[in-house]
Amino acid sequence: MSDAPPDSTAAADSDGAAPDFDTLTRDIADVPAVEVITTVAVHLMSAAAVNLGLAEEGSDHKDLDEARKLIHALAGLVDAGGTEISSFHAAPLRDGLKSLQLAFREASVVPDQPGQGPGEKYTGALYG
């Protein structure tokens with residue numbers, strides 16, 4: 001008995017041919033811009049949170065230099081793309097960005113001056 005599901009399109013054909021990946025993947029042209037922008041933003045947020053030590057294993061993955069880069073890139077994306085994706089989608093991204101910026105400030109041994117923290121070039125100075 002085979003472990004593969006009976007009608008799996010991902011499984012090889014009965015003659016052993018590789019699956020047709022064109023039919024298995026979503027054409028990038030069909031993906032709305034708002035979905036691409038928000039997906040990238042969520043990946044940047046997740047990676048920044050891990051590098052801030054906010055993941056389950058915390059300090060095992062803490063790297064503030066990497067977190068700074070990710071937060072800065074996220075801020076640039078949110079600043080540039082925010083007006084293109086509507087406030088309905090941009091508002092939660094801005095909230096998440098601000099939370100990461102404040103977490104970075106809290107995690108830093110030597111805090112940046114207001115306006116000099118990651119992404120503050122795009123968002124303005126954060127105090128807190």
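The figures that follow rest on heavy atoms only: side chains count, while hydrogens, waters and symmetry mates do not.
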A side-chain contact here means heavy atoms from C-beta on lying under 4.5 Å apart; do S108 and L64 qualify? yes
Which value, rounded to the nearest 0.5 Å, describes the distance between K69 atom NZ and L44 atom CG? 13.5 Å
Separation of L97 CG from L126 CG (nearest 0.5 Å): 8.0 Å
Rounded to the nearest 0.5 Å, what's the gap from CD1 on I37 to NE2 on H89? Could you check? 10.0 Å
Starting at CG of L77, measure out to CG of L93 and round the result to the nearest 0.5 Å. 7.5 Å
Shortest non-hydrogen contact between V34 and T38, atoms and distance: O-OG1, 2.8 Å
So how far is it from D95 CG to L100 CG, rounded to the nearest 0.5 Å? 11.0 Å
For the hydrophobic clusters of this structure (ILVMFWY residues joined by side-chain heavy atoms under 4.5 Å, transitively), does one cluster hold both L70 and V42? no
Please name the residue in the list E120, R68, Q101 that meets the side-chain contact (heavy atoms from CB on, under 4.5 Å) test with D112. R68
Heavy-atom side-chain proximity of K98 to T123 below 4.5 angstrom: no
Could you tell me which non-hydrogen atom of A75 sits nearest to which non-hydrogen atom of G119, and how far apart they are? CB-CA, 3.4 Å
Which heavy-atom pair separates A67 from A48 by the least distance, and what is that distance? CB-O, 4.1 Å
The reported gap from CD in E57 to NZ in K62 (rounded to nearest 0.5 angstrom) is 15.0 Å
Taking N51 for the side chain and A47 for the main chain, is one N or O donor matched with an acceptor at less than 3.5 Å? yes
Side-chain touch I28/V31, heavy atoms, less than 4.5 angstrom: yes
Using the rule that two of Ile, Leu, Val, Met, Phe, Trp, Tyr join whenever any of their side-chain heavy atoms come within less than 4.5 Å, decide whether V50 and L74 are in one cluster. no
Do you know which two heavy atoms are closest between A125 and G115, and how far apart they sit? CB-N, 3.5 Å
Tightest non-hydrogen contact, residues F104 and I71, listed as CB-CD1, 4.0 Å
Among residues at least two apart in sequence or on other chains, which ones pass ring-ring contact (aromatic ring centres under 6.0 Å, His included) with H61? none
